[in-house]
Undergrad: 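My questions will all concern the structure given below.
Each chain gets a letter, A, B and so on, in the order the sequences are listed, and its residues count up from 1.
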There are 4 protein chains.
Amino acid sequence: MPKVTEEHRTARREEILVAASRCVARDGFHKTTMADVIRESGLSAGAVYGYFKGKNDIIRAIAERSIGAVAQLLADLVERAEPVHPVDAVEVFLEQMTALARETDGDMLKVGVQAWAEAVRDPDIHALAKEKMGAVRSVLEKVVRRAQRDGTMSSAADPAAVAQVLFALLPGFVLEAVILGDVTPASYVSGLRDLLS
Amino acid sequence: MPKVTEEHRTARREEILVAASRCVARDGFHKTTMADVIRESGLSAGAVYGYFKGKNDIIRAIAERSIGAVAQLLADLVERAEPVHPVDAVEVFLEQMTALARETDGDMLKVGVQAWAEAVRDPDIHALAKEKMGAVRSVLEKVVRRAQRDGTMSSAADPAAVAQVLFALLPGFVLEAVILGDVTPASYVSGLRDLLS
Amino acid sequence: MPKVTEEHRTARREEILVAASRCVARDGFHKTTMADVIRESGLSAGAVYGYFKGKNDIIRAIAERSIGAVAQLLADLVERAEPVHPVDAVEVFLEQMTALARETDGDMLKVGVQAWAEAVRDPDIHALAKEKMGAVRSVLEKVVRRAQRDGTMSSAADPAAVAQVLFALLPGFVLEAVILGDVTPASYVSGLRDLLS
Amino acid sequence: MPKVTEEHRTARREEILVAASRCVARDGFHKTTMADVIRESGLSAGAVYGYFKGKNDIIRAIAERSIGAVAQLLADLVERAEPVHPVDAVEVFLEQMTALARETDGDMLKVGVQAWAEAVRDPDIHALAKEKMGAVRSVLEKVVRRAQRDGTMSSAADPAAVAQVLFALLPGFVLEAVILGDVTPASYVSGLRDLLS
DNA sequence: TATGAATGAGCATTCATTCAT
DNA sequence: GATGAATGAATGCTCATTCAT
């Protein structure tokens, strides 16, 4: 098979990452073997290694996808609308994230938790996570500042500190969803509103 | 063997777990090898296997310690005092957890994140985590109900939903502390208070 | 396909062998991969396999070229002139071999050593090497006999035994040149003459 | 099995090297697989890796043994006696080397040729070979100087150049023995004497 | 005809666990 | 009991070769 388009190549990489993500959601990064990824992707060993330098490369790419997806989601969110209140931002975000999770049978959230664990021990992934999470948090900080200008939040509040809490609500939700399994954006946001009232 | 031996046995198990936890904080559960644990504990392979059935047994025990520590902390907390408001409960809790983390050079938090990841893929650890986290959350729910009785919280609030949010603040803090590294109980609680005001 | 194609085919084979020889000089036969040969030759995998049945075929061809070059050299040598003494034959030969080596950046000698190693373990190459080296040695034996007839060597000498020694001087020189790097035909032949005097 | 003596460890390493040398004599360094070495040594994979860091470590050790053995042989030789003439030194040396080869079913010579090939492509082994061969050659140079003092060799000869030739006789003999198979120290030395007379 | 992506058997190496001493 | 050398299945990865386009 001669000359394959760049698009085809990207599509194949994506296929492999999706297959590998299924494995990671099920078994975690280090209990997923390359044989698992190969089987799940339906390709041969050599083919997979033609698209990725090795297992670490795949782990890196999945962690990036997983952590980056959330950042992308929030960035889009902020572009689109002008939420009245930071809590609304959290709400819309949770709904989007939940929708994204449903598309992947909940795998995305599970992979996310694995990515956090990897970020704790792998310096490169730690740097990546720090950057992406920092970006999300600074977006939330901007939302807070805007709300203060709008008068929907007290101007006495420290935007950075509030953003720390707002940000924490996101991984907190994910963990609760994945481990306890009984949280929904609706219940969660309603609890948040109750708490704030 | 007399009872001294039993105490000795427990102490040795603890030593091994502490050594293994250092490894896990550094490398994660599955990149930590038994050779690492053996080296770090200063014992022989045979000795370690005399105290634990195998690597899984050690992983189980560390995950349990890590997740259980938090539950224990909150249980103690509730026994001792009658916080005026759920946010105070969160505050006291974060301080205690931070103190505990400091004692272990921050390892406890890192191991905690690894334990979450393990809870996602190992049914036994998942069950354990579900139980412990559920217990913590139901304690928070009781705190909410108490606050409602005290009149410090609106009785219109759904205690279960509020507890979901309060609980989420804990792992959210841990993750932010471990990855972003710039949160303290003080900044975090002040942000929370700002948000609620 | 017309005859031009046949010449073209031979030229292409030659190109591939030259490229592969560079690889072999650098990495040896078995650390040279087909990917190396393909890259170095600038052709595609399919093209290379159009000219050679496989890697073994290329190894065979290179070993043959390498061992055969020496044989060819000596054959030419004997045709041309009537050396006064076997030592002169050795001298002229070393000079020619050195010149040939220079043309290929010293690769030819390095490939030669690899070919010896291959002749030790591969029966086909062993047979080839035995034949070629045997031919060279028998040429040297003829040179000795001629010298005896000329009176420049004692007729008491055993031509076969003397040829063994004369022949040994050739690979001995190559090895010294490749490993120790400080021998020249001039120094070597002068040493030989000193020894004989 | 606790505590094993250093001698036992050395003996095991030696066993593995002997087994691996048999493989290398048969298949060369890079066609010898670790599975071959493991099978031939009768140990398990883990055991072999307990004595050597990896395949490269084994290759290194075998190459060193093989090249060093010759150096050792000559060093012993020079200590013992005062040969009348450099040719006698070569003779005694060849006999010793042949005896050593016989002890290993001819493997030692074959491994030697493989080691030369490795010295051409591996910088570490090249350095090792250069050192050992240089040592042997300088011993031969001393023998020449001694012969000049004794009057058995012309003082006009350049000892370094003569040593180059004397040294070359050794690998030359080995290659002829291994490839052509019809040389003996006796025939070879008789040819040398004929040539010199 | 030429291409180069795909194949998959084979390789070096690791590591949880055992058990003879 | 304590030791640590030995085990061997499992793992990540390579590479000679093929064949659809």
Undergrad: Do NZ/NE/NH1/NH2 and the carboxylate oxygens of A:E7 and A:R12 come within less than 4.0 Å?
TA: no
Undergrad: Between B:D36 and B:R39, is the closest basic N to carboxylate O distance under 4.0 Å?
TA: yes
Undergrad: Are D:R60 and D:D57 within salt-bridge range, i.e. N to O under 4.0 Å?
TA: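 No, this pair does not count.
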Undergrad: So does D:R12 get a side-chain nitrogen or oxygen closer than 4.0 Å to the phosphate oxygens (OP1/OP2) of F:dA6?
TA: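 For F:dA6, OP1/OP2 do have a side-chain N/O of D:R12 under 4.0 Å.
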Undergrad: Mind calculating the distance between CZ (C:R39) and C1' (E:dT3) to the nearest angstrom?
TA: 17 Å
Undergrad: For the atom pair SG (C:C23) and CE (C:M34), what is the distance rounded to the nearest 0.5 Å?
TA: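 The CE atom of C:M34 is 10.0 Å from SG of C:C23, to the nearest 0.5 Å.
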Undergrad: Determine: side-chain N/O of C:Y49 to OP1/OP2 of E:dA2, distance under 4.0 Å, yes or no.
TA: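 Checking E:dA2 against C:Y49, no side-chain N or O comes under 4.0 Å of OP1 or OP2.
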Undergrad: Between A:K31 (NZ) and F:dA10 (C1'), how many Å, whole number?
TA: 11 Å
Undergrad: Of the candidate nucleotides E:dT7, E:dT13, F:dC13, which contains the atom at the shortest distance from the side chain of D:M34?
TA: E:dT13
Undergrad: Counting only Watson-Crick pairs (N1-N3 plus N6-O4 or O6-N4) and G-U wobbles (N1-O2, O6-N3), all under 3.5 Å, who is the partner of E:dC11?
TA: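 Check on E:dC11: paired to F:dG12, both distances under 3.5 Å.
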Undergrad: Measure from CD1 on B:I38 to C1' on F:dA6 and round the result to the nearest Å.
TA: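 Those two atoms, CD1 and C1', are 14 Å apart.
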Undergrad: Take atom CZ of A:F29 and atom P of F:dG12, then tell me their distance rounded to the nearest Å.
TA: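 For the pair A:F29 CZ and F:dG12 P, the rounded distance is 14 Å.
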Undergrad: For A:K55 and for D:R9, locate the closest nucleotide of DNA chain F by heavy-atom distance; then report the residue assigned to the nucleotide nearer the 5' terminus.
TA: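 Counting from the 5' end, the first nearest nucleotide belongs to D:R9.
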Undergrad: Given E:dC11, F:dT17, F:dT11, identify the nucleotide with an atom nearest to the side chain of A:T33.
TA: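 Nearest to the side chain of A:T33 among the choices is F:dT11.
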Undergrad: Tell me: CG of A:L43 to P of E:dG4, nearest whole Å?
TA: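 From A:L43 CG to E:dG4 P: 20 Å.
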Undergrad: Using a 4.0 Å heavy-atom cut-off, does C:G46 contact any base of the nucleic acid, only the sugar-phosphate backbone, or nothing at all?
TA: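 The answer is base, as C:G46 lies within the cut-off (heavy atoms under 4.0 Å) of a base atom.
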Undergrad: Between atom CD1 in C:I59 and atom P in F:dC15, what is the gap in whole Å?
TA: 14 Å
Undergrad: With sugar-phosphate meaning primed atoms plus P, OP1 and OP2, does A:Y51 contact a base, only sugar-phosphate, or nothing at under 4.0 Å between heavy atoms?
TA: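 It contacts sugar-phosphate atoms only.
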Undergrad: Within this structure, what is the CZ-to-C1' distance between A:F52 and E:dA6, rounded to whole angstrom?
TA: 16 Å
Undergrad: When you get a sec, tell me which of E:dA16, F:dT3, E:dA9 is the closest nucleotide to the side chain of B:S44?
TA: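 So the nucleotide nearest the side chain must be F:dT3.
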Undergrad: Considering every strand shown, what is the Watson-Crick or G-U wobble mate of E:dA20 when both distances are under 3.5 Å?
TA: F:dT3
Undergrad: Would you say the side-chain atoms of D:H30 and D:E118 include a donor-acceptor pair closer than 3.5 Å?
TA: yes
Undergrad: Distance check needed: E:dA12 P versus D:D57 CG, whole Å only.
TA: 14 Å
Undergrad: If you find the nucleotide of DNA chain E closest to B:A45 and the one closest to A:V48, which residue's nucleotide is nearer the 5' end?
TA: A:V48
